[in-house]
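What follows is a set of notes on a single structure, which appears directly below.
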Amino acid sequence: MNAAAPSLRGLPKRLVSDGLLEEEIAKAAVEQAEIEKAPFVQHLVKSNILPAELVANVASHEYGTPFLDLDAFNKEISPHGLVDNKLIRKHQVLPLFVRGKRLFVAISDPTNQQAVTEIRFQSGVPVETVIAEYDKLTVAVDEFLNAQEEDIGEALGTMDDVHLDDLDVEAVDESLDDDSASADADDAPIVRFVNKLLVDAIKKGSSDIHFEPYEKTYRVRFRTDGVLEEVTKPPSNLAPRLAARLKVMSQLDISERRIPQDGRIKLKISKNRAIDFRVNTLPTQFGEKIVLRILDPTSAQMGIEALGYEDDQKEAYMKTLHQPQGMILVTGPTGSGKTVSLYTGLNILNTPERNISTAEDPIEINLEGINQVGINTKVGLNFAEALRAFLRQDPDVIMVGEIRDLETAEIGIKAAQTGHMVLSTLHTNSAPETLTRLLNMGVPAFNVATTVNLIIAQRLARRLCPSCRKLADDIPDKILEEEGLTQLGLDSITLYHPVGCKQCVNGYKGRVGVYEVLKVTPAVSKVIMEGGNSLDITEAAKKEGFRTLRQSALRKAAAGVISLEEVNRVTKD
């Protein structure tokens, strides 16, 4: 038996002492493995120096690690999604099962403690190793990864109809290292799946994409025309990889899963068109829920004619926009189209002769020629501070994303009183309530009555599909009266019902604005000065032709633009 050289340790020393390997051959094998930067076990087997089964048995005895014959192991029970594919391929390890809150993995080289450390850190559970034959292990690892990619492919569906490789995601961090790049290559099905979802959402005209993890399921939903619909249910074990991909695209911290994060993605879908996505992550009980808001710059350039204003409402908005000073307020719930209404007005005013500044939280759509400031409360840049800065920048038009407090309201009022046109939003249910909301915030009645020129309250209603809408049968006069249609004084009423076809979603295609436009006339100002409430303001405005949201919606239903069901969904009596 050859004596082991002092330079040999561990498995090489054991192989020499057991007479299974000559000392010179063992030394040469150790040196060559170091040159190749490959594990010693891998070099022995691939170079046909010793059979894999013999090496595995000796390693098991030397390190006191159990030996497992992979031929006798049911590989179908291997847990998918617990260990990152990148680590499995890098270290040639096979996840076997979880028992007693410990993950058991098969490994051919028991000295590879780096693999154990990285897997424990990534999976978040203690790791136990067993020894497997190198040749059988490499085959099992390939089968495991291939089966996982096939499962992903089946779950994600076919993607041949979209040229996904032509997409350019500009927001991806260009400083990614080689390991991150290879991780993206490893997750090619995930990359294509996410890209496909983004493209599908854009094609459908959706406004939001929801990625939602639950205990045993995972779902993706689109909000299209204001209504959420489930579009796919990928395997729940893909949740961490989907979240990681979206966070990489939006330059967020992948390792931070405890607090919400905000980011943006710019997706170039052609040479002349790019779509922005506003990304928000939210830690939930079973993972991170991620919501993408789709921000299409073309929506701010549609023109006021496409928004759904009636002729007198459009005229009032346009006339007020071109006044030298004053305030225009747009109100409505989240997702009612306030931003598009404001951006449309800004685009009309955006000429070389005007200095326009906006304070937004966040900036939703980039507008060329307009100075847009993103609010950053962490450094003290709030709406009030931005407004103060604007007033020192010689502005003509100021847009404040939202009036949230008295300080912002007072500065906005002051700007409107000193020769500036101010546009902003408030969260109230109707135009008259907006005036009383300002009074309740503490703004003096005189300032409200003399500064606010116009208030627009709005909702978005689903537009009937012109291809399949169905003329409603004769509707009893009693129903028409109860709904308020007979009080409109219209010459004709033509109601339609939604049907549904290949060109629409459940009988609806696109959305149209429903508006309540309140001009602050001398009569309305008088009511404000006298301390009148929203009901008093409404009565005074109605005498001058003011229509409520419901009346505007009913007029659209009578013209066949929206359904009566949609009127009742978005408005109340």
Side-chain angles (χ1 to χ4, degrees), residues 300 303-305 307-332 336-350 354 356 358 395-403 408-409 411-439 441 443 445-459 513-529 532 534 536-549 551-552:
I304 196 168
E305 294 79 11
L307 298 185
Y309 285 94
E310 295 181 46
D311 291 340
D312 59 333
Q313 295 174 334
K314 181 177 71 174
E315 182 183 353
Y317 189 21
M318 294 291 289
K319 186 176 179 180
T320 309
L321 273 174
H322 288 93
Q323 290 183 5
Q325 65 186 53
M327 180 177 280
I328 297 175
L329 296 173
V330 182
T331 182
S336 60
K338 300 187 299 295
T339 301
V340 172
S341 284
L342 285 178
Y343 279 5
T344 300
L346 290 176
N347 269 324
I348 293 170
L349 296 173
N350 189 12
R354 290 189 178 93
I356 304 175
T358 73
D396 296 302
V397 179
I398 295 172
M399 194 272 271
V400 186
E402 183 183 347
I403 294 177
T408 306
I411 300 172
I413 292 284
K414 180 181 178 182
Q417 289 174 334
T418 54
H420 308 93
M421 174 55 66
V422 179
L423 291 78
S424 189
T425 70
L426 272 173
H427 283 287
T428 57
N429 291 323
S430 68
E433 288 176 17
T434 303
L435 294 169
T436 56
R437 168 75 174 134
L438 288 172
L439 296 172
M441 288 174 70
V443 180
F446 174 79
N447 287 344
V448 174
T450 59
T451 305
V452 179
N453 297 347
L454 188 79
I455 303 173
I456 301 171
Q458 65 182 80
R459 302 290 188 274
V514 176
Y515 302 94
E516 185 178 86
V517 178
L518 173 62
K519 293 183 287 186
V520 182
T521 62
V524 173
S525 295
K526 183 180 178 182
V527 175
I528 297 170
M529 294 291 291
S534 59
D536 299 326
I537 295 170
T538 302
E539 289 304 314
K542 279 184 175 180
K543 294 176 182 178
E544 299 186 327
F546 170 73
R547 291 190 298 276
T548 65
L549 275 168
Q551 288 172 333
S552 295

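The shortest distance between side-chain heavy atoms of Thr538 and Lys542 falls below 4.5 Å. Under the 4.5 Å side-chain criterion, counting only non-hydrogen atoms from C-beta, Met399 is in contact with Tyr343. At least one side-chain heavy atom of Leu438 sits less than 4.5 Å from a side-chain heavy atom of Leu426. Side-chain contact between Glu516 and Leu518: absent, with no pair of heavy atoms (C-beta onward) separated by less than 4.5 Å.
Expressed to the nearest 0.5 Å, how far CD1 of Ile356 lies from CE of Met421 amounts to 11.5 Å. From Leu307, atom CG reaches atom OG1 of Thr344 across 4.5 Å, with rounding to the nearest 0.5 Å. Taken to the nearest 0.5 Å, the CD1 atom of Ile537 stands 10.0 Å off from the CZ atom of Phe546.
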Take Asn429 and Arg459, measure what side chain to side chain contact (heavy atoms under 4.5 Å, CB included) needs, and give me the verdict at the end. CA-CA 10 Å; Asn429 291 323; Arg459 302 290 188 274; 4.1 Å; yes

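For Lys338 (side chain) and Gly332 (main-chain N/O), a donor-acceptor pair under 3.5 Å exists by modelled atom type.
Judged as a side chain to side chain contact (heavy atoms under 4.5 Å, CB included), and not counting sequence neighbours, the contacts of Asn447 are Ile413, Gln417, Val443, Pro444. When the side-chain hydrogen bond (donor to acceptor under 3.5 Å, both in side chains) test is applied to Glu402, the partners found at least two apart in sequence or on another chain are Arg404. The ring-ring contact (aromatic ring centres under 6.0 Å, His included) search around Tyr309 returns Tyr317, Tyr515, not counting sequence neighbours. The side chain to side chain contact (heavy atoms under 4.5 Å, CB included) check on Thr428 picks up Thr331, Glu433, Thr434, Arg437, with sequence neighbours excluded. Every residue meeting the side chain to side chain contact (heavy atoms under 4.5 Å, CB included) condition with Gln551, not counting sequence neighbours, appears here in chain and number order: Leu488, Arg547, Thr548. When the side-chain hydrogen bond (donor to acceptor under 3.5 Å, both in side chains) test is applied to Ser424, no partner is found at least two apart in sequence or on another chain. Applying the side chain to side chain contact (heavy atoms under 4.5 Å, CB included) criterion to Ala415, with sequence neighbours excluded, gives Leu391, Ile398, His420, Val422. Not counting sequence neighbours, the partners of Gln458 by the side-chain hydrogen bond (donor to acceptor under 3.5 Å, both in side chains) test are Ser341.
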Using a 3.5 Å cut-off and no angle test, enumerate the donor-acceptor pairs between side-chain atoms of residues 319-330 and protein atoms at least two apart in sequence or in another chain.
residue, atom, partner, partner atom, Å
Thr320, OG1, Ala316, O, 2.7
His322, ND1, Met318, O, 2.9
Gln323, OE1, Asn453, ND2, 2.9

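Scanning all heavy atoms of the two residues, the minimum distance from Leu549 to Ala457 falls at CD2-O, 3.6 Å. Closest heavy-atom contact between Thr451 and Ala416: CG2-CB, 3.2 Å. The nearest pair of heavy atoms linking Ser552 to Val514 is CB-CG1, 4.0 Å. The two residues Ala449 and Val520 come nearest to each other via the heavy atoms O-CG1, 4.0 Å.
Glu315 CD: 12 or fewer foreign heavy atoms inside a 6.0 Å radius.
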